[in-house]
Protein chains: 2
Amino acid sequence: MSFTYDYPRPAVTVDCVVFGLQDQRLRVLLIRRARPPFEGQWALPGGFVDMDEDLEVSARRELQEETGLRDIFLEQLYTFGTPGRDPRGRTISVAYYALVNTADHPPRADDDAAEAEWVDVDRAHKLAFDHDEILATALARLRGKVRYQPIGFELLPRKFTLSQLQRLYEVILERKLDKRNFRRRILSMDLLVELDEKQQDVSHRAARLYRFDKRKYRRLEESGFVFEL
Amino acid sequence: MSFTYDYPRPAVTVDCVVFGLQDQRLRVLLIRRARPPFEGQWALPGGFVDMDEDLEVSARRELQEETGLRDIFLEQLYTFGTPGRDPRGRTISVAYYALVNTADHPPRADDDAAEAEWVDVDRAHKLAFDHDEILATALARLRGKVRYQPIGFELLPRKFTLSQLQRLYEVILERKLDKRNFRRRILSMDLLVELDEKQQDVSHRAARLYRFDKRKYRRLEESGFVFEL
DNA sequence: GTTCTTAGTGTATTTGTGACACTATGAACA
DNA sequence: TGTTCATAGTGTCACAAATACACTAAGAAC
């Protein structure tokens, strides 16, 4: 079967930059390409958009097909369409970025990918297509956005300690934060719920666990509150 | 001539939300569609992406073809691809937003548009396609971005007074600003060059003119400075 | 019970923000 | 030529927010 048009049309794909946190490092989920072009090279998960499918749905479908991930935080990032970015012909890629808690989502290669792995963002080079550039764009966006939108929590387990949260920000923003100032600040926003639970299985004093109250944030946001760290 | 592919492909378009300032109001440049679908209705300027043309180049070309505008500030906004957004069939639109100084760029309808006009953003409703949504997205982006990126200057003449600049921010952010605090703040950033010139042809005390020093901003930006209003 | 690691806590200083009102200038007009 | 009118231009004070900074507490490991 084939499809014919009066004018030439570019192919349209989606690509996903999925960020996770592992061993105190920021990681990105890459797949090893199972077929040409760039066979055997690392690439962002992604694929062609189906004809009757919304773009975001498309991104979620590809992510699930290639890495098993579902129901995660996902936002549109930028659209890349420079001619020549795909050797198979003009291809426009709508890129998305996602944040996941890696503990809940072990990497796994499904259908189309030979292999899937969490790679340290500082070591993710020489990716297929223009994926280095897409990754760089996603990183810049994450660094910019994390400061004025409470999206960092998406990278942590549902229950976390304040130290974990602080380390998360330190890793993303690439600078040390003062412990007392950080705590004062984040607690003063009144978005965290203090749980009656402590960390388990640590060989030092166990820290109190908290969770992020997304509903409360939504409510505050509507009445003009702005998260800012 | 026709073009055939193994899989169906969406059509890809670009649409531009061009903002301008006129009579102390924020305006958007609309064209009246010269042909179906939505013939005679107001729409954002835009059109199909050429096969060998970068997306941004495409947006600039369409803008020039339909409105005569060129060499203006233009950034990618968001990509809209919900199935059904174009009655002619699946169409993905990469939207851009632009800022121009309307004094230098009088509206004019070129080739493809029947008419082009600066419309008050509050009155720009019932546009063709999903252009209402695109406009709303662009407005939200402009309001968010203008506070931490010095892009507002793109809407003013090269030489402007501090009062003009303040009114610009008041119009975009939809709130009154304190004159003295505004001046203290903007001048303390040291991004404006005080000119040896004053306003002409006003029937009251003439104000000093300033211009934005883009180079200086670029330099400061690289050394970690962040514009914030 | 000693050591080790991380949790948890308060204050003082500096800096930034917001609120606020009058004089200066120059054109228009009587 | 002086009065009116519109907008330009200027400083301070009170309060809030940001920063810098160091010790004690808890609990596991040995």
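Lettering of chains follows the sequences in order, A, B, ..., and the numbering in each one begins at 1.
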Length of the line joining Arg180(B):CZ and dG11(D):P, which is rounded to integer Å: 10 Å

Atom pairs under 3.5 Å, N or O on each side, protein against nucleotides 28-30 of chain D: can you list them with distances?
none

Ring geometry between Phe227(A) and Phe153(A) (parallel below 30°, tilted from 30 to 60°, perpendicular above 60°): perpendicular

OG (Ser163(B)) and CG (Leu168(B)) are apart, to the nearest 0.5 Å, by 12.0 Å

Would you please indicate yes or no on a ring centroid separation below 6.0 angstrom for Tyr148(B) and Tyr148(A)? yes

Measure up the Tyr169(B) and Phe182(B) rings against each other and bin them: parallel (under 30°), tilted (30 to 60°), perpendicular (over 60°). tilted

On DNA chain D, more 5' by nearest nucleotide between Leu187(B) and Lys198(A) is Leu187(B)

Assess whether a salt bridge exists between Glu154(B) and Lys214(B), defined as any Lys/Arg side-chain N lying under 4.0 Å from an Asp/Glu carboxylate O. yes

Gap separating the CZ atom of Arg33(B) from the CG atom of Leu127(B), nearest 0.5 angstrom: 11.5 Å

Does the side chain of Arg185(A) come within less than 4.5 Å of Glu228(A)'s, by heavy atoms? yes

Salt-bridge present (Glu133(B), Arg85(B); N to O < 4.0 Å): no

Side chains of Glu197(A) and Arg211(A), heavy atoms from C-beta outward: is any pair under 4.5 Å? no

Of the residues in residues 151-172 of chain A, which ones touch DNA chain C at a heavy-atom distance under 4.0 Å? Ser163(A)

Tell me what Arg183(B) touches on the nucleic acid: a base, only sugar-phosphate, or nothing, going by heavy atoms under 4.0 Å. base

Give the first and the last nucleotide of DNA chain C, reading 5' to 3', that has any atom under 4.0 Å from a heavy atom of chain A. dT5(C) to dT11(C)

Could you walk me through whether Gln164(B) and Arg167(B) pass the side-chain contact (heavy atoms from CB on, under 4.5 Å) check? CA-CA 5 Å; Gln164(B) 286 176 316; Arg167(B) 275 194 296 273; 3.9 Å; yes

At 4.0 Å (heavy atoms only), tell me whether Arg184(A) reaches a base, stays on the sugar-phosphate, or touches nothing. base

Please state how far atom CZ in Arg208(A) lies from atom C1' in dA26(D), giving the value in whole angstrom units. 13 Å

